[in-house]
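Just so you know, residue 1 is the first one in the sequence shown, and it goes up from there. Given the structure is predicted, the values throughout are model-derived calculations rather than measurements.
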Amino acid sequence: MKHSITLLFLSLITVSTQAQFGKVLKKGNVNAGKKLVKAATLSDKDMAALSLQSVQWMDDNNPVAGPGDPYGERLNKLVSGLETEDGLTLNFKVYLVVDVNAFATPDGSVRVMAGLMDLMTDDEILSVIGHEIGHVKLGHSKKRYQSAYGISAAKDVATANTGAGKILADDEIGNFVETVANAQFSQTHESDSDAYGFKFLVSKGYNYHAMAGAFQKLADLSGNGGKGSITSSHPGSAKRTERAKKWAKEQDAKK
């Protein structure tokens with residue numbers, strides 16, 4: 001397996017977009033500044049389109065598990081029957097990279113890294129998926145996309161010059177993905193998504209004790225620096241382990 005090649009492509013995209021700054025502005029470029037204001041009020045339709053555009057770019061620039069791949073087959077088996085969650089239509093893919101990570105985007109795309117699958121049991125993977133879906137359903141991902149969109153629209157006038165009908169220009173989407181990837185959720189958002197993920201496990205009849213196990217493994221990993229892992233954007237794993245254990249104990253008591 002490889003490390004995610006996203007950053008390699010991002011560096012190439014950055015050079016390309018910076019080259020746009022020297023161009024003579026067209027009349028339509030006044031719209032680029034206006035998009036800073038629009039970013040805060042992106043419609044759900046526009047948000048879905050922007051999310052889909054970004055995840056398609058990531059799928060194109062990372063090795064995706066194809067038909068018959070053991071990682072893809074394992075994930076497909078895990079999420080069988082999980083086509084929707086609370087009104088959100090889901091789709092799943094595995095990136096064949098060593099990173100211990102996973103994410104979900106506002107359009108319902110869930111991507112799991114092979115490194116995470118190597119580290120965790122099936123039940124623990126489901127707990128991570130529930131957490132990431134929580135970020136989408138609770139609006140955290142939308143806010144992060146809105147912020148990144150505003151920054152991208154302000155930086156690159158190429159967006160105003162494109163007639164492709166896309167939310168962002170082709171040579172800007174890489175920078176947008178980088179901005180989203182580098183942003184971090186707040187501690188409150190993380191805690192709220194943990195709670196959502198736990199309820200997700202309970203409601204689906206999954207093993208809710210697995211959440212504590214997943215957090216414990218992330219805590220152990222962060223002891224080694226956690227570089228290239230979910231620990232870099234999901235801090236406090238040890239504390240979250242204890243909280244997940246408490247939730248599981250309380251849930252056991254309800255039976």
Self-check item: Lys93 side chain to Val64 backbone, donor-acceptor under 3.5 Å
Solution: no
Quiz item: Looking at residues at least two apart in the chain, or sitting in another chain, which of them share a ring-ring contact (aromatic ring centres under 6.0 Å, His included) with His209?
Solution: none
Self-check item: For Ser141, side chain to side chain donor-acceptor pair (under 3.5 Å) partners two or more places apart
Solution: none
Exercise. Identify the two heavy atoms, one from Val180 and one from Ala148, that lie closest to each other, and give their separation to 0.1 Å.
Key: CG2-CB, 3.5 Å
Quiz item: Are Tyr95 and Tyr71 near enough that their ring centres are under 6.0 Å apart?
Solution: no
Practice problem: Before giving the answer on salt bridge (Lys or Arg N to Asp or Glu O under 4.0 Å), spell out for Lys246 and Glu242 the whole-Å C-alpha distance, their side-chain angles and the decisive distance to 0.1 Å. | Solution: CA-CA 6 Å; Lys246 177 177 177 291; Glu242 295 306 313; over 6 Å; no
Quiz prompt | Salt-bridge criterion met for Asp122 and Lys77 (N-O under 4.0 Å) | solution = no
Quiz prompt | Qualifying residues under ring-ring contact (aromatic ring centres under 6.0 Å, His included), relative to Phe198, sequence neighbours excluded | solution = Tyr208, Trp247
Quiz item: Can a donor-acceptor pair be found between the side chains of Gln216 and Asp220 at a distance below 3.5 Å?
Solution: yes
Practice problem: Specify the closest pair of heavy atoms between Ala48 and Asp107, including all atoms of both residues, with the distance to one decimal. | Solution: O-CB, 3.9 Å
Quiz prompt | Side-chain (Ser54) to main-chain (Ser51) donor-acceptor, under 3.5 angstrom | solution = yes
Side-chain donor/acceptor pairs under 3.5 Å, residues 80-87, sequence neighbours excluded:
{"residue": "Glu85", "atom": "OE1", "partner": "Lys204", "partner atom": "NZ", "Å": "3.3"}
{"residue": "Glu85", "atom": "OE2", "partner": "Tyr196", "partner atom": "OH", "Å": "2.7"}

Practice problem: Would you give the length of the straight line joining atom NZ of Lys137 to atom CG of Leu88, rounded to the nearest 0.5 angstrom? | Solution: 5.5 Å
Quiz item: Arg144 side chain to Ala183 main-chain N or O, any donor-acceptor pair under 3.5 Å?
Solution: yes
Self-check item: Polar side chain donor-acceptor pair, Thr121 to Asp123, under 3.5 angstrom
Solution: no
Self-check item: For Asn76, all residues meeting side chain to side chain donor-acceptor pair (under 3.5 Å), sequence neighbours excluded
Solution: none
Quiz prompt | Distance, nearest 0.5 Å, that separates CG of Leu52 from CG of Asp59 | solution = 9.0 Å
Quiz item: Rounded to the nearest 0.5 Å, how far does CG of Leu78 lie from CE of Met117?
Solution: 6.0 Å
Quiz prompt | Shortest non-hydrogen separation from Ala210 to Glu124 and the atoms involved | solution = O-CG, 3.4 Å
Quiz item: Distance from Leu138 atom CG to Lys143 atom NZ, nearest 0.5 Å?
Solution: 9.5 Å
Practice problem: Side-chain contact test, heavy atoms from C-beta onward, threshold under 4.5 Å: evaluate it for Leu75 versus Ile129 and give yes or no. | Solution: yes
Self-check item: Spacing of CG belonging to Leu90 relative to CD1 belonging to Ile133, to within rounding of 0.5 Å
Solution: 4.5 Å
Self-check item: Contacts of type side chain to side chain donor-acceptor pair (under 3.5 Å), residue Thr241, not counting sequence neighbours
Solution: none
Quiz item: From Met58 CE over to Arg111 CZ, what is the distance, rounded to the nearest 0.5 angstrom?
Solution: 8.0 Å
Exercise. Can you label the angle between the Phe185 ring and the His135 ring as parallel, tilted or perpendicular, going by 30° and 60°?
Key: parallel
